[in-house]
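Some notes on the structure that comes next.
Values below: every heavy atom of this structure, side chains too, minus hydrogens, waters and symmetry copies. In each ligand, atom 1 is the first atom listed, and ligand 1 is the first ligand listed.
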Amino acid sequence: MKYFFKISFFAFFFLMISCDTTSKENTDFTTLFEKSKGTETPEYKDVIAFYTKLSETYSQISMFSFGQTDSGEPLHLVVYNREGIFNVDEIKSSTKNSILINNGIHPGESDGIDASMLLLRDIVQNDSLQEKYKNSIICVIPVYNVGGSLNRNSHSRANQNGPKEYGFRGNARNFDLNRDFIKQDTKNAAAFAEIFHTVNPDVFVDNHVSNGADYQYAITHLFTQHNKLGGNLGAFLQNEMRPKIEESLENKGVHITPYVNVWGTTPEAGFSQFFDSPRYSTGYTTLFHTLGLMVETHMLKPYKIRVEQTYELLFSIFDFTEENSVIIKDLRSKATQEILANKAYPIQFKVDEEKYSDLSFKGYEGELIDSKVTNGKRLFYDKTKPFEKVIKYYDEFVVIKDVNIPKAYILQQGWHDIIGRLVNNKIEFTRFEKDTTITVVVSHIKDFETSKRPYEGHYLHFNTTIEKSSAKINFKKGIFILTPIKMECVICLKL
Ligand SMILES: [Zn+2]
């Protein structure tokens with residue numbers, strides 16, 4: 001029925017380029033995943049063709065195109081809304097529960113791509129599901145890493161148990177997009193930011209597949225670290241959302257556990273929660289008070305089961321969001337005020353080794369055996385020896401570094417890259433209307449170290465120390481002022 005194309009240079013333009021031409025009865029929406037009995041995932045062009053056809057056939061589905069990715073292809077967003085959506089502004093102004101699902105950030109981890117196709121199709125073809133989710137607007141990025149998806153192969157995830165072919169992890173410029181959310185070196189990340197701030201999701205889900213330790217579960221959840229999300233929203237995530245979704249899945253016969261953050265050892269010794277800093281998807285979405293989680297299915301489990309369990313998890317999330325819509329909206333709206341009421345903002349955390357929860361864990365016994373290809377040993381999980389044990393799960397983090405929240409930051413002219421990112425992220429700022437002299441606190445970089453090897457396009461600095469001084473500075477007209485709260489006096493972080 002409708003397919004909208006959107007060109008974005010901080011403005012919105014829409015063009016309807018097709019109209020209703022097909023009948024629901026004559027169109028077969030069986031997916032390649034189903035036709036292949038759960039062994040194959042479609043190519044990028046076929047995913048987009050599927051959603052194009054779905055949006056042409058069902059008025060409840062719309063597809064929009066946002067900006068560009070590094071591959072030169074646009075980034076798509078598919079939207080389900082019972083009453084339909086005809087332009088992007090309707091997404092922004094909607095008061096419904098907003099859910100954003102990201103797929104194919106690592107295209108070899110295609111479980112979410114297939115699960116999302118099935119679930120949007122099933123919702124529009126089922127009146128009772130439409131009634132159930134009438135208060136939700138469900139937004140799906142069909143494939144985020146378009147360039148990686150186009151680089152299709154069958155060998156870069158050699159040990160993974162399906163699908164037969166898949167895309168490559170790096171994007172068109174070989175960036176790992178799940179390390180690029182806050183720094184936004186890629187066009188993909190800038191386009192994602194635009195989608196994210198358009199949808200302003202109450203709940204965000206990013207679908208992945210994990211390697212590492214072996215265990216009985218086919219699916220794990222990686223909720224954003226709740227202390228970092230902070231306040232009442234963080235407590236709600238930890239005490240309400242996580243247990244309710246686990247319970248919902250358990251009722252459907254799906255066993256799930258926290259992401260098994262274990263490398264080189266076995267889970268029996270206990271493990272800590274994964275800390276998702278803002279370079280990761282959920283770390284980024286947490287900055288804007290969204291309840292986020294990554295889904296990590298396990299690569300050694302059959303593809304069919306992984307996709308089916310991802311599908312069930314997504315429905316459990318929809319159910320939870322519908323049932324808790326009032327409290328989620330309320331907590332999110334108060335979260336900013338909670339932060340501004342504090343004097344400091346945390347910027348570094350570490351796991352609290354004194355606190356842990358008991359986690360009933362279904363694993364396999366592991367042992368070190370001789371490697372057949374090297375002279376060393378390798379970790380072997382014996383599937384004939386399953387166990388269920390209570391292990392220690394360290395999921396409390398404490399703040400080890402914070403910054404005082406200033407009245408404002410001042411950004412000198414010339415820092416266009418930073419201004420570009422502020423604009424992408426809808427950070428509000430003003431400018432000096434005339435030359436202005438004020439006394440400010442200046443932070444000077446006193447010392448830092450630099451890594452010897454580049455990482456994702458940068459030589460990272462660490463162990464940075466600063467020295468503060470007070471100075472009277474004349475700021476020229478037009479210099480940028482970022483104001484977390486109203487300006488009474490100005491504190492300056494000189495960049
Ligand atoms: Zn991944």
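The aromatic ring centroids of Tyr364 and Phe387 lie 6.0 Å or more from each other. Aromatic pair His255/Tyr217: centroids not less than 6.0 angstrom apart. Remark: aromatic rings of Phe33 and Tyr303 are close, center separation under 6.0 Å.
Residue Glu296 does not count as close to the Zn ion (ligand 1), with no N, O or S atom under 2.8 Å.
Between the ND1 atom of His208 and the OE1 atom of Glu109, the angle centred on the Zn ion (ligand 1) amounts to 100° when rounded to 10°.
Looking at His106 and the Zn ion (ligand 1) together, the shortest N, O or S contact belongs to ND1.
None of Phe204, Tyr259, Phe181, Phe274 except one satisfies the ring-ring contact (aromatic ring centres under 6.0 Å, His included) rule with Tyr280; the exception is Phe274.
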